[in-house]
Amino acid sequence: MLMEIAPELLERKKVEEKKLPPLPNAEKGKVVTRLPPEPSGYMHIGHGMSGLLNYLYAKMYDGFVWLRFEDTDPRKVKPEYYESFRRGYRWLGIEWDDEKNNSDDLELFYKYAEKLIKLGKAYVCRCPIERIRRFRREMKECEHRSQGVDENLDLWNRMLGGEFGEGEAILRLKGDMRSKNTVMRDPALFRIIDHPHPLTGKRYKVWPLYDFAVSIEDHVCGVTHVLRTSEFALRDELQNYIRELLGMSNPIYVEYSRFEFKGTPVSKRKLRALIETGIASRWDDPRFPTIDGIRRRGILPEAIKEFTITQTGFSYAKREYDWSLLFAINRRLLDPKARRLFFTPNPVKLLVEGSPKISVDVPYHPDNRELGSRKIEADGEFYISGGDFEEMKVGDVLRLKYLMNLKILEKKREHVRAEFLSREPMKNIKIIQWVPVDEAVRVRVMVPDILYINDEVNPNSLKIINGFGERAVEDVKVDEIVQFERFGFCRRDLEPEPLFIKAHD
RNA sequence: GCUCCGGUAGUAUAGUCCGGUCAAGUAUGCGGGCCUCUCGAGCCCGUGACCCGGGUUCAAAUCCCGGCCGGAGCACCA
């Protein structure tokens with residue numbers, strides 16, 4: 001239809017459809033990226049968007065994606081978090097080609113460590129930690145740095161043999177103690193951790209640090225493009241240097257500042273504090289930026305994907321997205337497929353005098369006929385929303401949608417009295433939603449808002465609204481997202497009694 | 001404090017590398033209108049920005065210098 005009237009409109013839409021900018025030095029079929037979560041907390045939307053970027057680019061170039069858990073700190077890593085990321089990525093529609101853990105490769109890391117030692121590029125340092133830090137600050141080298149290869153090899157083997165306790169020895173890279181980039185000042189490559197790892201148990205006590213593990217793994221995985229947030233930017237030099245010493249080639253880095261949303265902290269520390277102070281009770285709280293939280297709120301994975309593609313750029317500047325940007329996309333996606341239902345928040349009773357008994361067939365969607373319809377029986381006693389009650393005046397003429405026109409006779413909190421006028425729609429009168437008293441279903445709706453306003457905790461970040469829904473509300477399935485007309489899009493949450501969570505208007 | 005890196009409308013971005021076509025595009029928000037038996041969707045119109053100050057140049061959002069503001073890093077975390 002539109003095609004005939006105004007084909008140029010469609011054309012324009014197509015052209016404007018934003019795509020990801022091309023990746024530098026990317027060849028079709030040869031791009032390899034990775035999803036590198038640290039399983040030390042629940043996955044959040046920032047991880048998701050970053051993961052999407054890595055996945056989407058690999059897909060765009062018919063490439064390959066790794067899911068690789070960066071789990072080299074046994075004390076931080078927990079099994080449930082590995083699963084949180086797998087579930088989150090899957091939910092977002094990210095399909096990874098292969099999966100591994102950095103903790104699978106300890107032997108390999110040891111091998112490369114030995115190579116570095118033999119190259120004279122790594123040494124075992126036995127300085128106390130404070131001294132290491134001080135020397136680093138003062139750009140001074142310690143005496144261990146000049147040990148011979150054999151002595152380092154011996155010390156290293158004794159480290160592996162369990163001869164030293166935590167903090168008694170580390171393997172350090174011979175970098176440049178005078179470098180302006182502090183990460184180059186002889187960084188630690190391995191340290192001793194006497195704590196079981198969820199995957200390898202007590203087998204290993206010498207664990208690589210991030211930069212070493214990543215350098216090796218990115219090479220082993222054949223990663224060509226690293227898309228990551230900018231807090232890692234200073235590590236490029238180090239990781240590249242390690243690989244160069246080992247004769248490995250380097251990937252291309254694309255870095256960008258974190259994805260943050262207004263009034264919504266993403267840090268584990270802050271989120272945990274909200275739980276501990278009782279402001280939130282669970283990690284999947286719909287106000288939280290965790291993947292479980294936004295899923296529960298009713299944000300579609302497709303919306304996050306489209307948002308990532310259209311609203312994102314590779315900027316180093318700090319940015320804080322307004323939730324409305326995501327909501328707008330979500331709403332557009334939901335609109336054609338969400339069933340429309342009647343819900344009356346803060347209800348007030350309405351008695352219509354002279355109302356005939358009416359049975360109406362109400363479509364679930366104004367345009368999408370496939371969604372079907374339901375029958376509602378009405379006999380003159382209804383609930384209407386408190387908001388509509390506040391606004392009405394005696395003498396007003398208004399319409400109960402799909403049902404009848406009426407005139408307000410009396411307005412009291414206990415009930416409103418009205419007079420039946422007619423059934424056919426009248427022009428220019430207010431249309432309101434209604435629920436027959438006979439079939440009213442008690443409904444609770446959680447309405448999430450931003451957690452912080454100007455760095456202060458928002459006292460109204462979660463409201464609970466009570467009201468009545470029509471009978472069909474009972475049949476809404478868990479996870480289904482419906483639109484309560486003139487209220488907003490809401491997802492049915494897992495609770496016996498109808499509990500909904502409002503996503504947005 | 002030190003070292004890097006940024007600053008385009010309320011928000012997020014395009015443009016900045018290779019100065020002119022940018023009196024700055026898009027999305028969202030906001031205001032108004034049309035349409036609609038939803039204050040949703042759709043359509044139309046409007047609103048609103050190149051951090052500040054110098055310099056280079058015929059010409060600067062784009063290059064240079066200074067200032068201000070913001071972010072990141074400065075771990076035996078990732």
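Model, not experiment: these values are computed from the prediction. The analysis underlying the following values was restricted to heavy atoms, covering all of them including side chains, and did not include hydrogens, waters or symmetry mates. Here is how names work: the chains are called A, B, and so on, in the same order as the sequence lines, proteins then strands, and each is numbered from 1.
- Taking side-chain N and O atoms only, A:Arg191 has a distance below 4.0 Å to OP1 or OP2 of B:rA78.
- For residues 133-143 of chain A, proximity to RNA chain B is found at A:Arg133, A:Arg136, defined as any non-hydrogen atom under 4.0 angstrom from a strand atom.
- Counting non-hydrogen atoms under 4.0 angstrom, A:Asp73 reaches the backbone sugars and phosphates but no base.
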Report all side-chain donor-acceptor pairs from residues 420-428 of chain A shorter than 3.5 Å, counting only partners two or more places apart or in another chain.
residue  : atom : partner  : partner atom : Å
A:Ser422 : OG   : A:Asn405 : ND2          : 2.8

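- Nucleotides B:rU21 and B:rU62 are separated by 13 Å at their P atoms, to the nearest Å.
- With sequence neighbours excluded, the residues that form a ring pair (Phe, Tyr, Trp, His ring centres under 6.0 Å) with A:Trp323 are A:Phe261, A:Phe327.
- In terms of the side chain to side chain contact (heavy atoms under 4.5 Å, CB included) criterion, residue partners of A:Lys270 (sequence neighbours excluded) are, by chain and number, A:Pro265, A:Ser267.
- Nearest nucleotide to the A:Ser324 side chain, out of B:rA78, B:rA12, B:rU28: B:rU28.
- Taking side-chain N and O atoms only, A:Thr72 has a distance below 4.0 Å to OP1 or OP2 of B:rA78.
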Worked check of ring pair (Phe, Tyr, Trp, His ring centres under 6.0 Å) between A:Phe212 and A:Phe190:
CA-CA 8 Å; A:Phe212 188 77; A:Phe190 286 83; 4.9 Å; yes
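- When heavy atoms are screened at a 4.0 angstrom cut-off, A:Arg399 is found touching base atoms of the nucleic acid.
- Taking the side chain to side chain contact (heavy atoms under 4.5 Å, CB included) definition, one finds that A:Val476 meets it with A:Arg339, A:Leu341, A:Glu480, A:Val482, A:Arg492, A:Phe500, sequence neighbours left out.
- A:Gln433 comes within 4.0 angstrom of the backbone, heavy atoms only, and of no base.
- The residue A:Phe190 sits apart from the nucleic acid: no heavy atom pair falls under 4.0 Å.
- Going from the P atom of B:rG53 to that of B:rC58 covers 23 Å, rounded to whole Å.
- Within the structure, every side-chain polar atom (N or O) of A:Arg258 is placed at least 4.0 Å from both OP1 and OP2 of B:rG71.
- Partners of A:Tyr364 according to the ring pair (Phe, Tyr, Trp, His ring centres under 6.0 Å) rule, which considers only residues two or more places apart in sequence or in another chain, do not exist here.
- Distance from the side chain of A:Lys318 is smallest to B:rG70 among B:rG70, B:rG40, B:rG10.
- Judged by atom type and distance alone, A:Gln483 reaches the base of B:rU38 through a side-chain donor-acceptor pair under 3.5 Å.
- Distances from the side chain of A:Ile129 to the nucleotides B:rG73, B:rC76, B:rC77 place B:rC76 closest.
- Residues satisfying the salt bridge (Lys or Arg N to Asp or Glu O under 4.0 Å) test with A:Glu260, not counting sequence neighbours, are none.
- A sub-4.0 Å separation between OP1 or OP2 of B:rG29 and a side-chain N or O of A:Arg331 is present.
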Provide a list of protein-nucleic acid N or O atom pairs under 3.5 angstrom, restricted to nucleotides 62-66 of chain B.
none

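- Residues passing the side chain to side chain contact (heavy atoms under 4.5 Å, CB included) test with A:Ala26 are A:Leu23, A:Val31, A:Tyr61, A:His225, sequence neighbours excluded.
- With C1' as the reference atom, B:rC64 and B:rG19 are 13 Å apart, rounded to whole Å.
- Using a 4.0 Å heavy-atom cutoff across all strands shown, A:Glu485 reaches at least one base atom of the nucleic acid.
- Residues forming a ring pair (Phe, Tyr, Trp, His ring centres under 6.0 Å) with A:His197 (at least two apart in sequence, or on another chain): A:Trp207.
- Annotation: cation-pi pair A:Arg319/A:Tyr321 absent, no NZ/CZ under 6.0 Å from the ring centroid and within 45° of its normal.
- The shortest distance between the side-chain N/O atoms of A:Tyr316 and the OP1/OP2 oxygens of B:rC4 is not below 4.0 Å.
- Spacing of P atoms, B:rA60 relative to B:rA41, comes out at 43 Å, to the nearest Å.
- Among the protein residues, A:Pro37 comes within range of no part of the nucleic acid, since none of its heavy atoms lies under 4.0 Å from any strand.
- Looking at heavy-atom distances under 4.0 Å, A:Leu234 makes contact with sugar-phosphate atoms alone, never a base.
- Base contact: A:Asp388 has a heavy atom under 4.0 Å from a base atom.
- In secondary-structure terms, RNA chain B builds stems of at least 3 consecutive Watson-Crick or G-U pairs, each pair having both distances under 3.5 Å, at B:1-7 with B:68-74, B:10-13 with B:25-28, B:29-34 with B:42-47, B:51-55 with B:63-67.
- Here the side chain of A:Gln311 is nearest to one of B:rA78, B:rU11, B:rA12, namely B:rA12.
- Taking atom P on both B:rG54 and B:rG10, the two are 23 Å apart, rounded to the nearest angstrom.
- Using a 4.0 Å heavy-atom criterion, one finds that A:Leu189 contacts no nucleic acid atom at all.
- Within 4.0 Å (heavy atoms only), A:Arg332 reaches sugar-phosphate atoms of the nucleic acid but no base atom.
- Salt-bridge check for A:Glu141 with A:Arg178: passed, with a basic side-chain N closer than 4.0 Å to an acidic carboxylate O.
- In this structure, A:Arg374 satisfies the cation-pi test against A:Phe342, with its NZ or CZ atom closer than 6.0 Å to the six-membered ring centre and inside 45 degrees of the ring normal.
- For A:Glu237, the salt bridge (Lys or Arg N to Asp or Glu O under 4.0 Å) test picks out no residue, with sequence neighbours left out.
- Using a 4.0 Å heavy-atom distance criterion, A:Lys180 is classed as a sugar-phosphate-only contact.
- The nearest whole Å value for the distance from the OH atom in A:Tyr402 to the C1' atom in B:rU38 is 8 Å.
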